[in-house]
Amino acid sequence: MNILFVASEGVPFVKTGGLADVIGSLPIELRNHGIDIRVVLPKYGMTAPELCKKMSVQKCFAVTMGWRYQYCSVLEAKQDGITYYFIGNEYCFNRSELYGYKDDVERFAFFSKAVLKSLPYLDFKPQVIHAHDWQSGLLSVFLKNHHSRDRFYRDIRTVFTVHNLYHKGLFPKEYLEDLLELDPALFSIDGIEFYGQLSFLKGGLVFSDYITTVSPTYAQEIKTSYYEEKLEGLLQKRSNRLKGIINGIDYSRYNPATDPNIFVQYTNSMSAKAENKIQLQEMLNLPKDKKIPVIAFIGHLVEHKGLELITGALKDILVKDVQLVFLGTGSWKYESYLQQVARHFPDKISVNIQLNDSLARKIYAGADIFIRPSKFEPCGLSQMIAMRYGTIPLVRETGGLRDTVTPFNQLTGEGNGFSFKNYNPQDMFNTICQALECFKDKETWKVIAKNAQAEDFSWKGPAQEYIDIYRGLLEEKAGYCWDGFDYVRKEGAYKIS
Ligand code: GLC
């Protein structure tokens with residue numbers, strides 16, 4: 001089976017968030033299942049020079065963007081045994097950031113167009129193109145609207161994975177005809193219109209043959225109005241083409257027994273973990289004491305990751321005998337507030353406003369509790385990494401957090417963490433108190449840590465679920481056609497052949 005991943009970031013080439021971890025690890029497991037999987041990414045200017053050196057140019061051609069031409073080079077490199085292709089264009093991608101430019105509409109429309117245009121030049125024809133998030137949302141729109149009559153393209157099936165419905169890729173409608181060269185009829189509720197603007201994400205949701213998202217709970221949540229994303233009607237309509245598949249983590253990259261970044265390697269030894277804690281405390285200038293529970297937050301310091309709850313309950317938490325460690329960057333409001341509190345309580349809080357993978361791993365290894373009280377969380381990878389390092393997650397029951405963390409039950413000894421339901425600081429604080437009580441009893445804590453480390457968050461099972469979807473799409477009988485929402489027997493508006 002030939003599958004092509006299309007995404008805007010992937011480890012080790014470029015990363016801003018969890019999407020990159022998925023793109024850097026799921027293909028390896030798919031390949032282990034016998035899939036010929038390849039990945040296309042933009043070639044960004046900030047990719048590390050040693051990785052750029054591996055790339056060789058395969059082909060150059062022009063892509064039309066309305067009345068203009070943009071040149072495009074396709075490069076190729078092997079990484080972890082996977083073939084990667086890169087779409088090169090200095091104007092679009094040689095910049096200091098990945099996203100957030102005024103012309104993102106052009107940059108990522110170009111990316112999807114260029115990927116499709118490059119296919120006949122590659123020595124590989126995908127049967128399924130699997131696109132990720134808004135940046136590649138237009139791919140299925142272009143495939144169905146620009147290439148549906150072309151023999152080469154017409155049997156290619158598409159899967160679209162939503163890693164976060166919050167980012168919709170919204171742009172002014174003026175670009176529809178001029179830049180994107182799409183039919184004005186698509187500016188409608190059944191097309192890619194979203195409250196007066198164009199949405200790349202909606203394009204992926206409407207025109208892809210199958211939609212997945214990154215946890216079963218999130219797949220249910222986005223069909224309701226709870227998070228006010230205003231796409232629940234469409235997702236309900238397409239619910240027979242929507243599945244939540246939990247993400248995995250790369251077990252070889254995140255392994256406390258071999259991780260060279262941590263102070264002392266370990267499998268499940270509590271004393272080695274305590275040694276990591278002492279050295280972490282020393283490094284972060286916190287009092288060295290293995291009896292004081294260390295609560296860590298690693299991730300974007302933004303509201304929807306639950307910073308509102310943490311800052312709301314901070315004064316109560318600080319009364320407790322705990323140490324808090326923060327690592328990440330985010331909104332100025334939370335960065336500056338936390339730094340200010342840290343100046344007042346240097347013995348209790350360490351705030352590290354940086355992206356630092358090596359320090360992150362030291363914290364995963366040295367902390368006792370990993371906190372992630374998100375407002376919404378499509379999947380979340382950090383709580384899984386924490387568990388792999390024997391650090392107990394404390395989360396809000398939403399999305400993938402709900403699917404991976406089972407609250408500890410004192411009576412049965414089951415459960416791998418702590419969780420609360422309502423999005424408010426008091427409920428979170430009560431759960432912290434409950435966790436701190438358990439922490440006092442070494443034996444209880446050992447049981448929870450053992451349960452957490454025993455979980456299998458590898459890609460094995462999820463990869464098989466993706467393969468079942470690909471297979472299903474390829475087996476769909478000829479004679480069905482696309483009606484804008486589903487394959488139906490009757491003649492439809494967007495007939496494929
Ligand atoms: C996004 C989501 C996160 C998910 C990740 C990978 O960053 O916010 O919850 O784990 O994508 O799918």
Side-chain angles (χ1 to χ4, degrees), residues 5-11 14-30 39 41 98-100 130-137 159-169 200-201 204-205 211-222 226-227 229 231 242-250 253-254 297-307 328-331 355 357 360 364 370-388 393 395-405 419 423 455 457-459 461-463 465-466:
F5 266 30
V6 182
S8 58
E9 52 182 275
V11 164
V14 64
K15 167 172 172 172
T16 67
L19 166 66
D21 292 305
V22 172
I23 301 304
S25 53
L26 171 56
I28 299 174
E29 190 60 38
L30 289 171
V39 182
L41 301 171
L98 265 64
Y99 322 120
H130 186 161
H132 298 261
D133 271 356
W134 72 264
Q135 294 88 342
S136 46
V159 174
F160 184 62
T161 294
V162 180
H163 294 260
N164 197 337
L165 204 69
Y166 181 72
H167 302 293
K168 299 186 181 60
F200 281 25
L201 181 95
L205 297 177
I211 306 165
T212 73
T213 187
V214 288
S215 69
T217 294
Y218 193 59
Q220 294 306 324
E221 287 171 344
I222 58 179
Y226 189 74
Y227 289 113
E229 300 295 2
L231 284 164
L242 167 65
K243 187 172 186 196
I245 301 178
I246 196 82
N247 282 334
I249 54 170
D250 185 334
R253 275 183 204 155
Y254 294 107
F297 179 96
I298 302 173
H300 292 310
L301 301 167
V302 293
E303 187 179 319
H304 73 253
K305 294 282 178 200
L307 263 292
T329 58
S331 73
L355 298 172
D357 184 54
Y364 283 125
F370 174 85
I371 189 164
R372 179 51 64 88
S374 301
K375 194 175 201 174
F376 60 87
E377 192 66 70
C379 179
L381 304 172
S382 316
Q383 80 279 11
M384 297 193 248
I385 301 170
M387 284 190 257
R388 176 91 164 121
V395 303
R396 190 172 96 79
E397 291 161 17
T398 180
L401 296 173
R402 180 171 174 267
D403 294 333
T404 51
V405 178
S419 64
Y423 185 70
E455 296 287 354
F457 295 121
S458 71
W459 275 112
E465 291 188 62
Y466 281 110

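Here, residue 1 is the first one in the sequence, and each next residue gets the next number. Both ligands and their constituent atoms are indexed starting at 1 by order of listing.
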Asker: Enumerate the atoms of ligand 1 whose separation from the nearest heavy atom of Gly380 is less than 4.0 angstrom.
Answerer: 3 (C), 4 (C), 9 (O), 10 (O)

Asker: Which of the atoms in ligand 1, numbered in the order shown and given with their element, are less than 4.0 Å from a heavy-atom of Asn164?
Answerer: 8 (O)

Asker: Parallel, tilted or perpendicular: which fits the ring planes of His130 and Tyr466, with parallel below 30° and perpendicular above 60°?
Answerer: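 The rings of His130 and Tyr466 sit tilted, inter-plane angle from 30° to 60°.
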
Asker: Just checking Arg402: does its CZ atom have more than 12 heavy atoms from other residues, nucleotides or ligands closer to it than 6.0 angstrom?
Answerer: no

Asker: For ligand 1, is there an N or O atom under 3.5 Å from any N or O atom of Gly17?
Answerer: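 Among all N and O atoms of Gly17, none is under 3.5 Å from an N or O of ligand 1.
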
Asker: Who gets closest to atom 9 (O) of ligand 1 by heavy atom: Met384, Gln383, Glu377?
Answerer: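 Shortest heavy-atom distance from atom 9 (O) of ligand 1: Glu377.
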
Asker: Which residue is it: Thr212, Thr213, Asn247? I am looking for the one with a side-chain hydrogen bond (donor to acceptor under 3.5 Å, both in side chains) to Thr161.
Answerer: Thr212

Asker: For ligand 1, which atoms have a heavy atom of Val22 less than 4.0 angstrom away?
Answerer: 6 (C), 12 (O)

Asker: What are the two closest non-hydrogen atoms of Gly330 and Val302, and how far apart are they?
Answerer: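 For Gly330 versus Val302, the nearest heavy atoms are CA-CG1, 4.2 Å.
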
Asker: Near Asn247, which atoms of ligand 1 are under 4.0 Å from a heavy atom of that residue?
Answerer: 6 (C), 10 (O), 12 (O)

Asker: I'd like to check Tyr226 versus Gln220 (side-chain heavy atoms, cut-off strictly below 4.5 Å). Are they in contact?
Answerer: no

Asker: Is the side chain of Glu377 donor-acceptor paired with the backbone N or O of Pro373 at a distance under 3.5 Å, no angle test?
Answerer: no

Asker: If you count the atoms of ligand 1 from 1 in the order shown, which ones are under 4.0 Å from a heavy atom of Val214?
Answerer: 12 (O)

Asker: So Leu231 and Leu205, do their side chains get closer than 4.5 Å, heavy atoms only?
Answerer: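 They are in side-chain contact.
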
Asker: Closest by any non-hydrogen atom to atom 2 (C) of ligand 1: pick that one out of His163, His167, Lys305.
Answerer: His163

Asker: Identify the closest protein heavy atom to atom 7 (O) of ligand 1: which residue and atom is it, and at what distance?
Answerer: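 Of every protein heavy atom, Gly18 N, 3.8 Å lies nearest to atom 7 (O) of ligand 1.
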
